[in-house]
Amino acid sequence: DGGITQSPKYLFRKEGQNVTLSCEQNLNHDAMYWYRQDPGQGLRLIYYSQIVNDFQKGDIAEGYSVSREKKESFPLTVTSAQKNPTAFYLCASSNQREGLVTGELFFGEGSRLTVL
Amino acid sequence: AQSVTQPDIHITVSEGASLELRCNYSYGATPYLFWYVQSPGQGLQLLLKYFSGDTLVQGIKGFEAEFKRSQSSFNLRKPSVHWSDAAEYFCAVVPYQAGTALIFGKGTTLSVSS
């Protein structure tokens with residue numbers, strides 16, 4: 001079945017540690033996204049990528065890093081510089097044409113990160 | 001600033017009653033419009049979308065939404081709510097031919113009472 005797979009579903013981290021969240025898609029979508037979700041805040045865009053080896057910062061990129069070495073994969077690293085990393089992280093993908101969204105986003109099941 | 005507003009943070013509806021969730025946006029041109037639903041601890045599922053054409057859009061699970069250009073609104077409706085509809089609902093927009101990512105409202109939590 002086509003879809004987006006995020007792992008791990010739950011992750012605990014000590015302060016000062018970097019962690020990497022995995023996101024893989026087999027929908028053949030060009031664009032991939034990372035959103036952060038906090039209660040009452042909706043979804044806020046962290047990073048997005050429209051093509052392999054290229055990505056752009058979203059609204060809240062500070063303390064995060066990404067890579068896009070393969071079309072199917074868009075891992076997110078939460079670095080120790082992120083001051084409040086405890087949140088629910090959602091990866092998504094979509095079709096695009098000439099760099100613009102042309103359809104809906106398809107979401108993974110999310111990864112919940114808790115900093116101890 | 002461009003934004004998406006969902007005025008109701010939390011709504012409680014009796015099972016079998018009708019539902020309307022509000023969404024307003026502020027963009028110069030008509031954007032692409034979406035409604036998503038999220039169960040606790042899960043990802044988001046698309047309910048329906050509007051790109052152009054008929055302003056009344058039918059979606060999954062018996063939901064529909066109406067685009068009203070004059071009011072910059074895209075309200076979600078369901079004639080008869082089921083207990084399984086309890087979830088969080090998000091309105092999202094992407095500027096027409098100018099958007100690289102969806103912009104989400106803060107969500108409305110729906111509770112269903114028996």
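Order of the sequence lines fixes the chain letters, A, B, ..., with proteins taken first and strands second; residue numbering starts at 1 for each chain. In what follows, every heavy atom counts, from backbone to side chain, and hydrogens, waters and symmetry copies are set aside.
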Next on the checklist: For Glu20(B), I'd like to know if atom CD has over 12 heavy atoms of other residues, nucleotides or ligands within 6.0 Å.
Outcome noted: yes

Item to check | Separation between OH of Tyr36(B) and CZ of Phe107(A), rounded to the nearest 0.5 Å | outcome: 5.5 Å

Next on the checklist: Hydrophobic clustering (ILVMFWY, side-chain heavy atoms < 4.5 Å, transitive) - are Leu76(A) and Leu105(A) grouped together?
Outcome noted: no

Item to check | Gln56(A) versus chain B, the contacting section by heavy-atom distance below 4.5 Å | outcome: neither

Checklist entry - So if you build clusters from Ile, Leu, Val, Met, Phe, Trp, Tyr with side-chain heavy-atom gaps below 4.5 Å, do Leu19(B) and Trp35(B) land together? => result yes

Checklist entry - Got a second to check how far Glu104(A)'s CD is from Phe51(B)'s CZ, nearest 0.5 Å? => result 6.0 Å

Checklist outcome for this item: Contacts of Tyr50(B) meeting ring-ring contact (aromatic ring centres under 6.0 Å, His included) (sequence neighbours excluded), chain-then-number -> Phe67(B)

Next on the checklist: Can you confirm whether more than 12 heavy atoms, excluding those of Leu27(A), are under 6.0 Å from its CG atom?
Outcome noted: yes

Next on the checklist: According to a hydrophobic-cluster definition based on side-chain heavy atoms being under 4.5 Å apart (Ile, Leu, Val, Met, Phe, Trp, Tyr only), do Leu76(B) and Val81(B) belong together?
Outcome noted: yes

Checklist entry - Given that the side chain runs from C-beta out, which part of Leu45(A) has a heavy atom under 4.5 Å from chain B: side chain, backbone, both or neither? => result side chain

Next on the checklist: Quick one, Leu102(B) with Tyr33(A), criterion side chain to side chain contact (heavy atoms under 4.5 Å, CB included). Give me CA distance, side-chain angles, the key distance, then yes/no.
Outcome noted: CA-CA 10 Å; Leu102(B) 265 62; Tyr33(A) 312 81; over 6 Å; no

Next on the checklist: Would you say CD1 of Ile60(B) has more than 12 non-hydrogen atoms from neighbouring residues, nucleotides or ligands within 6.0 angstrom?
Outcome noted: yes

Item to check | Closest-packed option against chain A by number of heavy-atom pairs under 4.5 Å, given Ile103(B), Thr109(B), Leu46(B) | outcome: Leu46(B)

Checklist entry - If you round to the nearest 0.5 Å, how far is NZ of Lys106(B) from CZ of Arg44(A)? => result 8.5 Å

Next on the checklist: Using heavy-atom distances under 4.5 Å, tell me whether Glu88(B) contacts chain A through its side chain, its backbone, both, or neither.
Outcome noted: side chain

Item to check | Minimum heavy-atom distance Tyr35(A)-Ala101(B), with the two atoms named | outcome: OH-CB, 4.0 Å

Checklist entry - Is it the backbone or the side chain of Gln6(B) that comes under 4.5 Å from a heavy atom of chain A, or both, or neither? => result neither

Checklist entry - Does a sphere of radius 6.0 Å around CD in Glu15(A) hold more than 12 heavy atoms from other residues, nucleotides or ligands, not counting ones at 6.0 Å or beyond? => result no

Checklist outcome for this item: Nearest heavy-atom contact between Gly42(A) and Phe90(B) is CA-CE2, 3.7 Å

Checklist outcome for this item: Closest heavy-atom pair, Gln42(B) versus Leu90(A), reported as atoms and distance to 0.1 Å, is O-CD2, 4.5 Å

Next on the checklist: Around atom NZ of Lys9(A), are there more than 12 heavy atoms from other residues, nucleotides or ligands closer than 6.0 Å?
Outcome noted: yes

Next on the checklist: If I measure from the heavy atoms of chain B, does Glu109(A) come under 4.5 Å with its side chain, its backbone, both, or neither?
Outcome noted: both

